[in-house]
Structures are given as C-alpha cells and as structure tokens.
There are 2 protein chains.
Amino acid sequence: MLKELASAAPRDCEDCPIRHRAVCARCESDELERLDQIKYYRSFEAGQTLIWSGDKMDFVGSVVSGIATLTQTMEDGRTQMVGLLLPSDFVGRPGRDSAAYDVVAVSDIVMCCFRKKPFEDMMARTPHIAQRLLEMTLDELDAAREWMLVLGRKTAREKIASLIAIIARRDAVLNTAGMQGPLVFDLPLTREAMADYLGLTLETVSRQVSALRRDGVIMLEGKRRVTVPDFNRLLEEAGDDSDGGLLV
Amino acid sequence: MLKELASAAPRDCEDCPIRHRAVCARCESDELERLDQIKYYRSFEAGQTLIWSGDKMDFVGSVVSGIATLTQTMEDGRTQMVGLLLPSDFVGRPGRDSAAYDVVAVSDIVMCCFRKKPFEDMMARTPHIAQRLLEMTLDELDAAREWMLVLGRKTAREKIASLIAIIARRDAVLNTAGMQGPLVFDLPLTREAMADYLGLTLETVSRQVSALRRDGVIMLEGKRRVTVPDFNRLLEEAGDDSDGGLLV
DNA sequence: TGTAATCCTTGACGCAGATCAATTCACGGG
DNA sequence: CCCGTGAATTGATCTGCGTCAAGGATTACA
C-alpha cells in the first residue's frame, strides 16, 4: 500500500490543486501568505474517522485530495449521510467548538488545516475569506435541499439514478471537459455508503443497481466502474428534468 | 378578513420585531440607516405564492411576520418542502438571479425587501451583513442536515414527533422563556403541508397524529391546537436523545 | 493453494406506509 | 338554518422496500 502518496502535499499554495476552488480562492497573494503561515497538512487513511460527533474541534480545514463523508447517527445505530466532502470542500464551522457530525475518510485523504482561533481572527480581518465561505455554504445548502427532495420523494430506483448522475456530473466537470459521448467513471462509495447516502438498505441499492444495468441505463465493469451510454436517459430515470434542474 | 393587519409594518428599524435576529442584526446605527434607505415592505396573503421557482429574482429580503415555505416540485407533481421560513429568516440568494424554489405564504406575511443589486453592493461594503448572513446560512445548513436524517431514516411516527418537537421548541423560544410544564401551541401547517415537510402522505400524517394522541404523547384541541404534557416523552418518540442532540 | 475477510448479489417473505374511497368536521355565506 | 367547501379522519387494500438468509466474487495473507 502506497501510504506515502496519501501525504503528498503541495509545497506552495500557488501549486495547490484546490487553490481556485477552496475558501482561499479569492485571496490575494498577501492574504495567501498570511494563511500560509498558519496552515498545516494532515493526512488520513481510508476508513479512518477524522472527527467524532460531539468532539471538541480545534481546527477547520479544506479537503485537498480524497473523499470523506459527513454522517449522523441515531442512538439505535441508524445512520444517514448528510454530506459528501470532495477536494476543496470545507470542514468545520467557525464559531462552533464541537463537531456536529462524524467525518469519515472514504479514501486516503489530505487536508489543509488551520487552527480554529487564528482562522477566525483572520476571517474577521479578511472579507475575501468570509465571502468565499458564504458562497460555498450557500452552494452546500442548495445541495442539501436537492438531496432532501431525493430522500423524501424519490423511489429507490430514482435515488440510485440520481446518485449516479451526481457522481457522473462531478466527474465530468473535474476530468473530461465536455459531456458528449459515454461517460466512464468509478463509484467512490461502497454499496453500504450509497445506502447511507440515500436512506436505503444496501440490499435495495444492490438490487436497483442491477436493475439499471439490466435495463441498459448503465453498464458495469467489476463492481465499481460505471459507463453511462446516455446521460439524458439516466436523468429521466432520476426523475429530473432532462436539461434544467441542475444547480451544480 | 383583516387585511390591514397583514400590512402593519414597523415604521423604524429600531422598532422592528426582527431587529436583532435578521441579516441586519449586527449592523450599527449608521449601517442601519443606509439599509433603511433601500428597504421597502411587501405583504402577502395566506396561500399566495410569493416566488415561483425559475423566476427572475430582483429582490432579497427578510420575513418580518408570518410563515412561508420553500418547496421543490418534480415534473410529475411530487413535492418536497425544503425550508420553513419564520420571522427573521432570509429569502433569496445574493449572487444568483433566478429563484431555485417556490416560496408560498402559509399565513399572511410581511417582508422587508431590498432590491438585489443595491443589497449586494451594500453587502460588499458592510462586513457585518455578510458575517451575519454567513452565520444564518450555516444554521440553515445544520437544520437541513438534521432534516435529512428525519427524511432518510425515521419512521412515520418518529417524523411526526420530530416535527411537533421542532415547532414546540421554536414556540417556547419565541414566547414562554422556560420549557417547564406542559407546552401549548398551534400547528402552523395543514396536514398536507406537514406531509410535504416529512415526505409522507397526508393520510399517514393524520393517522400518526391520531396515534400520538391516543397514546397520550400529545393532546389535541380542535385540529391545530396541541398540548405536550411531557416534552422528553415527545423527544423519545422522535428518536432523539432526550437532552442533547438539539442544534437549535 | 487455501482460507479468511470484505463486499456484493440474489431470493423469500412481511410490514410500514401509499393508494383509493367514504365519511365527518369546521366554518363562512346566503 | 341550511348548505357548500376545504380540511381532516378513518377504513380497506396494495406494494415497495426492509428484513432475514444464503451464497458468490475479489483480494490479502498464511
């Protein structure tokens, strides 16, 4: 296992892969320098719980690479994923000192962290940071509301199609520029994590993935690699308007 | 019908009932004066749709009095409420020019509005406004995530108990200071709106409300007035930890 | 090469909540 | 006072998804 890779962190903010999408996106070079002085990197292995709900949070930070989940758990063990953290996403909340959710690494992860207090001070003095954080929070709120429609009103098949569409769309944005032709990508989540995301059981997830494959909506290579021959068909299955309706 | 009451708006920001909780909460008196110059009041009757999803939004604003809902609708008519707007809540998103959701007045409503462009300009120059909006947006995000757990993992009975608990708690904060003794309040929503909130049908809502009444968890006077004799019992029924677990 | 651990798939069955349908209740207007 | 209208209740039935259970695929390590 190549653990060294997981801790490969950018030396310099200017080379940082999330430079133009994270909280620091709007910072000028002098602001960036000040941030640079208080930042530090941390890396985590796949499967590790970075933060436990209720724990004292003495830092905030951005995901540089890798994927993590935000989940909520009930006393009896039922769990619901409430956020999916991708590179550039922000973790922690200025002004709160204990974590509200569990944060779990799905893959190996590198984070760019700031101790909370210095970051809060810096935020008060640097409107560019607060502005960007507001923008990102509003985007997350929109995503959460989209997700509420999925959880509250969609059928199991529509839920699966919606999730695959979200992953496909994100992948298309990050990698290939256009969305023409068949999309090919890996599902970053296990069936169980998909179930936690969608408010289903892993058996139902498995059945519906199989059903979409049988019906030609997706093709599978192994258990994770997906090909979507016709994205509009997938959107129809998701119950979404085939063109509009996407806030991302 | 007393329509004049609906348009009773405060003359002066200092007398405004939401002065210390809305976007303007942190503003100094000079900032308030500038806001004062660009604000205007609008009132709407119960049942009216204030904003249609997809419409051009040329204003943003705060709910001064009354209740409204944010809902999302699928092509086939399925709807999911994604937000409940109470006095002091903010409507609209700086930086976006079309509405993402339908906004519907549940009761008669008064709003304090700002044309979008001047408000955005003002926000760029007034960190106090942006800071407060960030804080409010983070709170809404937390509420949305709480709600995702309700939608994804709770049973119909737990959903109803959760909703009643939320309304009871909010009512207790606004009106009676303490939470000792039985709580009495009105449900602001119809059974159908409750169903839209919780991802259920109105029949199921009705049945579960009746069941909670039969089991002595709540008492009903007419269809709307609720008494909660034991709040912890209600929280147990909601599947929540009986003390912690509340982010509000 | 075996075997243990994960992760996934598939089947059989039951139940919570949706759907369809019929009343009942509350209230405002003629 | 009656009647009309929209909201809520309640019942009967149906079904999608959860639950329980058995096995298959892939990888890691002895």
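Every heavy atom of this structure was used, including side-chain atoms; hydrogens, water molecules and symmetry mates were not. In this text the structure is predicted, and so the values were computed from the model without any measurement.
- Contacts of B:R207 classified as salt bridge (charged side-chain N to carboxylate O under 4.0 Å, His left out), with partners at least two apart in sequence or in another chain: none.
- Contacts classified as salt bridge (charged side-chain N to carboxylate O under 4.0 Å, His left out) and involving residues 57-66 of chain A (residues at least two apart or in different chains) are not found.
- Salt bridge status for B:R21 with B:D89: absent, with no side-chain N to carboxylate O gap under 4.0 Å.
- The stretch residues 139-169 of chain B participates, sequence neighbours left out, in these ring pair (Phe, Tyr, Trp, His ring centres under 6.0 Å) pairs: B:W147-B:Y197.
- Residues satisfying the salt bridge (charged side-chain N to carboxylate O under 4.0 Å, His left out) criterion with A:R191, sequence neighbours excluded, are absent altogether.
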Return the polar atom pairs (N/O with N/O) between nucleotides 8-14 of chain C and the protein under 3.5 Å, or none.
unit_1	atom_1	unit_2	atom_2	d
C:dC8	OP1	A:R224	NE	3.1
C:dC8	OP2	A:R191	N	2.9
C:dT9	OP1	A:R191	NH2	3.3
C:dT9	OP2	A:R191	NE	2.7
C:dT9	OP2	A:S206	OG	2.8
C:dT9	O5'	A:S206	OG	3.2
C:dT10	OP2	A:S210	OG	2.8
C:dG11	N7	A:R207	NH1	2.9
C:dG11	O6	A:R207	NH2	3.3

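- Taking atom CE of A:M194 as the reference point, atom C1' of D:dG18 lies 17 Å away to the nearest angstrom.
- For the segment residues 154-164 of chain B, the set of residues with a heavy atom within less than 4.0 Å of an atom of DNA chain C comprises B:T155, B:A156, in numerical order.
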Got a list of side-chain donor-acceptor pairs under 3.5 Å for residues 157-168 of chain A, not counting sequence neighbours?
unit_1	atom_1	unit_2	atom_2	d
A:R157	NH1	A:E237	OE1	2.7
A:R157	NH1	A:E237	OE2	3.1
A:R157	NH2	A:D215	OD2	2.2
A:E158	OE1	A:T155	N	2.9
A:E158	OE1	A:T155	OG1	3.4
A:E158	OE1	B:R78	NH1	2.8
A:E158	OE1	B:R78	NH2	3.4
A:E158	OE2	B:R78	NH2	2.7
A:K159	NZ	A:L198	O	3.0
A:S162	OG	A:K154	NZ	3.1
A:S162	OG	A:E158	O	2.7

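- Straight-line distance from the CZ atom of B:R225 to the P atom of D:dA8: 16 Å, rounded to whole Å.
- Among residues two or more places apart in sequence or in another chain, the side-chain contact (heavy atoms from CB on, under 4.5 Å) test is passed with A:T204 by A:A156, A:L200, A:T201, A:Q208.
- Applying the ring pair (Phe, Tyr, Trp, His ring centres under 6.0 Å) rule to B:F90 yields the partners B:F119; only residues at least two apart in sequence or on another chain are considered.
- When heavy atoms are screened at a 4.0 angstrom cut-off, A:G199 is found touching the sugar-phosphate backbone but no base atom.
- The CZ-P distance, from A:R78 to C:dA16, rounds to 13 Å in whole Å.
- Scanning for side-chain hydrogen bond (donor to acceptor under 3.5 Å, both in side chains) contacts around A:R225 gives A:D186, with sequence neighbours left out.
- The separation between A:L198 atom CG and D:dG16 atom C1' is 16 Å, rounded to whole Å.
- Side chains of A:D196 and A:T79: a donor on one and an acceptor on the other come within 3.5 Å.
- In this structure, A:D76 atom CG and D:dT19 atom P are separated by 11 Å, rounded to whole Å.
- Partners of B:D55 according to the side-chain hydrogen bond (donor to acceptor under 3.5 Å, both in side chains) rule, which considers only residues two or more places apart in sequence or in another chain, do not exist here.
- Taking the screw axis at each terminus of the helix from C:dT1-D:dA30 to C:dG30-D:dC1 from five consecutive base pairs, the angle between the two is 20° to within rounding of 10 degrees.
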